[in-house]
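All residue numbers refer to positions in the sequence shown, counting from 1. Remember, predicted model here, so these are calculated numbers, not experimental data.
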Amino acid sequence: MRSEIRRRFGDAVDRWSRFFMPETAWPIRAGAALATGLVAYLMLVEIVLQGVFGRIDLALIPAIGSRNAPIPREIFLNGAVVGSLYGLIGLGLILVYRANRIINFAQAQLGAVAASAALMLLTFRNWAYLAVIPLVLIGGGAVGGTVEMVFVRRFSRSPRLILTVVTIGIGLVLQALEFFTKKWIVGDQFLQSVAAQYKTPFSRWWSQQIGTLTFSGDHIFTLAVVIGLAVGLAAFFRYTDLGIAVRASSENRDRASLLGIPVKRVSTVVWTLAAVLSAIGVFLRGPLVGIPITGFVGPTLLLYGLAAAVIARMKHMYVAIAAGMLIGIVEQSVVFTRSAPGLVSPVLLVVIVIALLAQRSHLARGLDPAAGSWQAAAELRPVPLELRDLPVVRRARALLQVVVGLVVVLAPWIVGSARADTASRIAIVSIVGVSLVILTGWTGQISLGQWGIAALGAAVAGGLAANHNWDFFLTIAVAGACGAGVAVLIGLPALRIQGLFLAVTTLAFAFTMTDFVLRRQWFSWLLPEQRAFADRPNLYGVFDLTEPTPLGPVNVSADAKFYYLCVLFLGLALYLARSLRKNRSGRLLIGVRDNPRLLQAYGVNLARTRLAAFAISGFIAAIGGALFAYQFGQIDPDAFLPQQSVAIFLMTVIGGASSLTGAVLGAVYVLGIPLLPVLRDVQFIELLTSGFGVLLILMALPGGLIEGLYRLRDGWLRRVAERQGIHVPSLVADSLVLDNSDEQQVVADAGVSMEAVR
């Protein structure tokens, strides 16, 4: 039916172009048909949105104003032009997804380095416009090709979860590179400048005031470039040998390799093209809406590009461009009608969920042979039974427990009294990491919005404590219950949407929490009042967390006492998660991750099991957010940015996505290493533990840091077994070696046994 509609529409457009321009060449007629289709599409979007915004009264939220007048057409036109650049980001995401079956979370950042450098040179160094164009194209392509050859090719056979995390690490590294590049080019004006006006020859060529907006030649040039790129890419993939090779390798990488297609070279071409598209999108966006000098454009562009790519089913290029225009129009319309940019994120969340649910049958098909590789690293085995009760092993275990206990107890003094609050933050982030182990490591549901659930817990606990003076433990319980409820709502799409696309939904939820829920003008009834603080509690007059306590020759500060409270809740979270894993419920979660069809054949309700995992993980994450609210007193949206949510997911995978110990180890590595006295003054230490550190660790230890510790443990156990003369098959290969006579005797015994059976 759909193909028939498309055929008839194409025939109608062709007849229209031949009727009005019968003597013109086919490129002119094709361009006219394309322009007609674009105008018709924009008119249809205008009709729909005018009706939607005319009937939906968002003034139910008192602080949001609304305009009853129709949306001016210049708003739609400007949104379409800006949104076409979101479509370019979506095109790059589609290319990488079809080539590697991953969502490239570094897509917007791939071209930001070259494009930002070109804009800075254009503005602050007075370079000619034509001189910076090669920097955008060649520089962006070089970044994409280098990333593919150095990192992506190294992880081509790794689970897709690992490769996806690698793209997050690549994005962090490229953000640092963009920051230092802009700082070097701008020079002394870097810290004094917030934004800059980027002038181009096209803005000087034509400028016209239309209604409330000023349009320039940059708008026309941007739209022409985007449409030209879309048409050129479609022709490239349809008519060139390399384009056909890209399509073949995206359908089945192994079969394409057997047919002689250079799969690695094709992958490099794809990443180069994706980076060039990103660079062009960021560069063209500068003159239209500006680019922050000290900030980054990557996260917001990534969300908009993801929305466009998801609407296009990660497949259709023209649909991605049209979806990007639609998103840009919705963005500009929401800002105009409600004067509230923060409403864009929840609108995008709704759009993404509806788009995914509308194509659930397409996503549910078993077309992807690598679907099972979304499983996290396998759980590492415990100490073998043959060695568990040896005295040397028991003494080593006891010594390790004593050392870990001393480090935990003395942590406020190890990092220094001035940084004791950071030690508390490590414990809080570890609690959220435990929730991610349950959801991602054990159940296989990828969540990039776990810190957003923690933000909800912080808002609930902070509001109840500051505005209503509720009891500490009661606020913690209510915050956990609210987190569990919201996590179940987020998990409802997981009943139809799995893996990659669920990650997109949860990332949009993280943006919604920061831009919408944590803003006082909309949720003043939930958040603490403007000058109210969620003071640290005095637990029934026995354990006062507001004042220091002398303990012999040592003075225990209030921050140190709150740290011990956070450690107590971390211990409870670990105990809850470990108890869950040892019971039948934990085995069901592993079954949902590894083989859901087999589990369903045994009568297990998959939907109920998945929602239970979301509820438990949301409860634990919200408790961590509630402790965060008590630690800092107020709810600051900047403390719950979506980048933080992605970073916490990154920490968990660094430590070990399926290990509770790994969740704590990842938080200690990323947040604790920079606090060590010998490393505090090391420049770029945080970059080494987050960006480069992620890439280096995953190259050597795909299972995370916990895998390295278990390798050391197994090596030591292997030596113990050799000294004790104990054969442990799980640690070493079978050491039984037979000589020739023994082999003959074994064969003879087997023959006698077979005769007896007969």
Side-chain angles (χ1 to χ4, degrees), residues 100-102 104-106 146-177 264 267-268 271 370 373-383 400 404 426 429-430 433 436-437 440-441 446 646-676 678-679 682-719 730-733:
N100 300 99
R101 294 302 181 190
I102 64 167
N104 178 21
F105 287 98
T146 303
V147 164
E148 194 282 331
M149 289 187 289
V150 175
F151 299 111
V152 177
R153 191 172 297 183
R154 170 66 177 79
F155 293 95
S156 60
R157 298 296 178 182
S158 300
R160 288 188 295 162
L161 173 60
I162 301 299
L163 184 53
T164 303
V165 174
V166 167
T167 64
I168 298 175
I170 292 170
L172 294 176
V173 173
L174 292 178
Q175 278 188 357
L177 183 59
K264 294 182 179 179
S267 179
T268 304
W271 279 80
S373 62
W374 262 108
Q375 302 169 11
E379 293 182 79
L380 300 170
R381 57 176 179 263
V383 177
L400 180 61
V404 172
I426 292 175
V429 170
S430 298
L436 271 173
V437 169
T440 299
I446 311 303
V646 175
I648 290 177
F649 176 79
L650 200 65
M651 293 178 193
T652 306
V653 176
I654 288 174
S658 59
S659 170
L660 296 174
T661 307
V664 180
L665 192 62
V668 171
Y669 173 78
V670 176
L671 298 177
I673 293 296
L675 297 179
L676 295 178
V678 295
L679 297 177
V682 177
Q683 198 174 15
F684 312 137
I685 183 62
E686 294 183 357
L687 178 61
L688 294 176
T689 57
S690 59
F692 284 113
V694 170
L695 301 176
L696 295 176
I697 288 174
L698 292 181
M699 280 184 179
L701 304 169
L705 293 173
I706 194 67
E707 180 182 344
L709 292 182
Y710 273 78
R711 286 183 185 180
L712 295 175
R713 185 207 66 177
D714 289 347
W716 179 75
L717 289 176
R718 193 174 294 111
R719 291 191 294 271
S730 61
L731 290 179
V732 295

Item checked: Side-chain heavy atoms of Phe105 within contact of Val646, under 4.5 Å -> no

Item checked: Value rounded to 0.5 Å, distance of CD1 in Ile446 from CG in Leu436 -> 9.5 Å

Considering only distance and modelled atom types, tabulate donor-acceptor pairs under 3.5 Å from the side chains of residues 695-705, sequence neighbours left out.
none

Item checked: Closest contact, heavy atoms only, Met651 versus Val429 -> SD-CG1, 3.6 Å

Margin query: Is there a side-chain contact between Val166 and Ile102 in this structure, where contact means two heavy atoms from C-beta onward sitting under 4.5 Å apart?
Written below: no

Notebook entry, point to check: Rounded to the nearest 0.5 Å, how far does OG1 of Thr661 lie from CG of Leu709?
Noted result: 9.0 Å

Next item on the list: Supply the atom-to-atom distance Ile654 CD1 to Ile706 CD1, rounded to the nearest 0.5 angstrom.
Entry: 13.5 Å

Item checked: Among Leu174, Ile168, Leu172, the one residue meeting side-chain contact (heavy atoms from CB on, under 4.5 Å) with Ile170 -> Leu174

Note to self: If I take atom OG1 from residue Thr268 and atom CZ from residue Arg153, how far apart are they, to the nearest 0.5 angstrom?
What the structure shows: 4.0 Å

Checklist line | Side-chain heavy-atom pair Asn100, Val152 within 4.5 angstrom cut-off | finding: yes

Notebook entry, point to check: Hey, does Thr167 have a side-chain heavy atom less than 4.5 Å from the side chain of Phe151?
Noted result: no

Notebook entry, point to check: Taking all non-hydrogen atoms of both residues, which atom of Ser267 and which atom of Glu148 are closest, and how far apart?
Noted result: OG-OE2, 3.0 Å

Next item on the list: Quick one: closest heavy-atom pair of Ala667 and Ser430, and the distance?
Entry: CB-OG, 3.4 Å

Checklist line | Arg713/Val383 under side chain to side chain contact (heavy atoms under 4.5 Å, CB included): CA gap, chis, key distance, verdict | finding: CA-CA 9 Å; Arg713 185 207 66 177; Val383 177; 3.9 Å; yes

